[in-house]
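What follows is a single structure, written as structure tokens, with notes after it.
In what follows, chains are A, B, ... by sequence order, proteins preceding strands, each numbered from 1. Atom set for the values below is all heavy atoms of this structure, side chains included, hydrogens, waters and symmetry mates excluded. The model shown is predicted, which means the values in this text are computed figures rather than measured ones.
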Amino acid sequence: MRRWRLWLPLAAFAALLAVVGFRVGKPEAPLPSPLVGKPLPAFSLPLLEGEGRLNSADFAGRAVLVNVFGSWCVACVEEHPVLLEAARSAEIVGIAWRDKPEDTRAWLAKRGNPYRAVGVDADSRAVLDLGVTGAPETFVVGPDGRVAFKLTGVMTPEIWRDRIRPLLESLK
Amino acid sequence: MIRAALLALALAFAAAPALAFDPAESLADPVLETRARSIGEGLRCVVCQNQSIEESNADLARAMRGLVRERLAAGDSDGEVIAALEARYGDFIRLMPPLKAATLLLWAAPALLLAAGVAAWRRSFRIRAAVAEGAAPAVADADEPRPGAGLLAGGAALAAVLAALAYVSLGHPGVPDQPIRPRLAERLGVSEAAIADMQAMTAEIEARLQTHPDDARGWLMLGRADRYLGRHAEAAAALRRALTLGEADADILADLGESLAIRDRRVGDEAEAAFRAALEIDPAAPRAVFYLGVARAEAGDLAAAAALWREGAALQPPDSPWRRRLVGHAERAEAALSKP
């Protein structure tokens, strides 16, 4: 009997439907960054406070978090308490993206400042060079200057506790 | 009151709308600009869904367009520009996936499927030919009844049920399909409610113009609101209507020219005529000067473009941003000219 073969197209269709159904509706996973494992692209940005610049070379030899944020970014507000907590044990540098310095200052004054230093990237050049697609994004950079991990989106208390803090400890 | 405030907002923004294609971004050198556009059309706007950076209004796409142009102006090859972005964003940055080991199946799939189809078709063709020649006994089940209508209908019904089930579990029939609204709100930095009000108000003006088609002021409001919402083809039509009904000043003509240029993605004849008319009213009209220079540059006449920008810059008040901008463009055009 080869009659069962007649059902093959339908079975194939059902299988396709199942695969599509399984994938559709899932939130899109953030794309893996090709920068992970590679040296952090160099940047040099004017400091938010005072004269001078924030250079990526400044934190060579130390494990740091590089956090891209902006006062316009709603998700950054959500993330902020976690960064304040993280700042107690980690060095965090901020990149204020597409933001007016006075707005960034007011935002940090209101919510507390977890950053050792903040660089101002008004024209998105540094952010593009880092392959950033939105704020917030956080890079875990090792003492060797390589990107150990990149987080796209909000750092939740769980992500900080379970992934980033242990990773930083292992890098130190 | 709220409505009046919104309208004031619309008019304020109308002078400086955020645009997917802002000719002010373009390079003075038409050859480089053409290269920049063709690179940009192959690069994905990473915060949009399947839009190229040339098509997108997103700030990130705008910044990326600037980066592409900067690198080209600095002497990078097309390949170097793309490779630099690919190193940061991965293959995803390309709208067309590159051919490599990981994507081999993706690229080969259409050819493989076609080959499988042809093979299946040839096979069934041979069997039928054999049946027709009476050599059927070689094929064991050639005399098996053909699939009945019942089976076909059953299959179709099953497919329909599966599709309905899939829609019930995955579909969102209640979701309003207004994705433009949050994007506009983000781009313009106002609340979604304000955009909704704005759209409602535009509809209201439109409705009123149905009964009062000679209301020049109404057409002007509609045109500016459309510009604010980024609908430049509609804006151009409305502004033109306002102008033919008697509203005439250099600013409206420049708005019209700019909307036409954005609609056509170049400074075409229509836009040029509008800018010329603006200059007749106000010889210093900075946007008219700027775009007419862009038209010359697009036509390949950089010398004429530079001369226009220089003359126009001299007419602007000292320290005005337009003066600096026009001088900057003139300088870039002159620098491009002095290169061999």
Side-chain angles (χ1 to χ4, degrees), chain A residues 1-26 28-36 38-41 43 68 70-74 97-100 103 121-135 137 147 150 152, chain B residues 43-49 53 58-68 70-71 83-93 113 116 120 124 127 139-142 144-148 151-152 154-172 186-187 189:
Chain A
M1 280 297 277
R2 292 173 62 190
R3 209 186 150 104
W4 61 271
R5 286 199 182 193
L6 291 168
W7 291 92
L8 272 182
L10 190 64
F13 174 71
L16 184 72
L17 206 70
V19 170
V20 171
F22 183 69
R23 295 291 310 166
V24 172
K26 289 255 168 106
E28 276 180 76
L31 288 155
S33 168
L35 283 175
V36 172
K38 302 240 168 63
L40 184 77
F43 57 80
V68 177
S71 69
W72 46 270
C73 155
V74 182
W97 178 23
R98 230 170 60 204
D99 208 1
K100 291 200 196 92
D103 292 349
D121 187 23
D123 62 3
S124 304
R125 283 305 140 84
V127 154
L128 280 180
D129 212 29
L130 291 167
V132 165
T133 54
E137 280 191 21
V147 178
K150 180 189 155 187
T152 304
Chain B
L43 293 176
R44 183 189 309 273
C45 162
V46 287
V47 293
C48 321
Q49 298 285 346
I53 61 168
D59 282 310
L60 199 65
R62 183 190 306 274
M64 224 177 263
R65 287 199 291 271
L67 183 72
V68 167
E70 217 173 85
R71 295 196 73 122
L85 280 163
E86 211 174 346
R88 305 301 190 239
Y89 286 95
D91 291 343
F92 182 64
I93 193 77
L113 286 175
S124 80
I127 292 173
V139 185
D141 55 356
E144 180 178 297
R146 297 186 65 76
L151 181 53
L152 273 176
L158 186 59
V161 168
L162 283 175
L165 280 176
Y167 182 72
V168 167
S169 69
L170 304 170
H172 299 279
E186 196 198 334
R187 194 182 87 196

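Using a 4.5 Å cut-off between heavy atoms, B/Leu158 contacts chain A through its side chain alone, with no backbone atom that close. At a 4.5 Å heavy-atom cutoff, the contact between B/Glu86 and chain A is made by backbone atoms alone. Only the side chain of A/Trp97 comes within contact range of chain B, with heavy atoms under 4.5 Å apart.
Considering every non-hydrogen atom in both A/Ala14 and B/Leu162, the closest pair reads CB-CD1, 4.3 Å. B/Gly90 and A/Pro34 get closest at one heavy-atom pair: N-CG, 3.1 Å. When all heavy atoms of A/Arg98 and B/Leu60 are compared, the pair lying nearest together is NH1-N, 4.4 Å.
Heavy-atom pairs under 4.5 Å with chain A peak, among B/Ala58, B/Ala87, B/Cys45, at B/Ala87. For chain B, the option among A/Leu128, A/Val127, A/Leu130, A/Val132 with the highest count of heavy-atom pairs below 4.5 Å is A/Leu128. Between chain A and the residues B/Ala159, B/Gly66, B/Gly155, the largest count of heavy-atom pairs under 4.5 Å involves B/Gly66.
At a threshold of 4.5 Å between non-hydrogen side-chain atoms, the residues B/Arg88 and A/Pro41 count as touching.
Atom CG of B/Asp59 is separated from atom CG of A/Asp123 by 12.0 Å, given to the nearest 0.5 angstrom.
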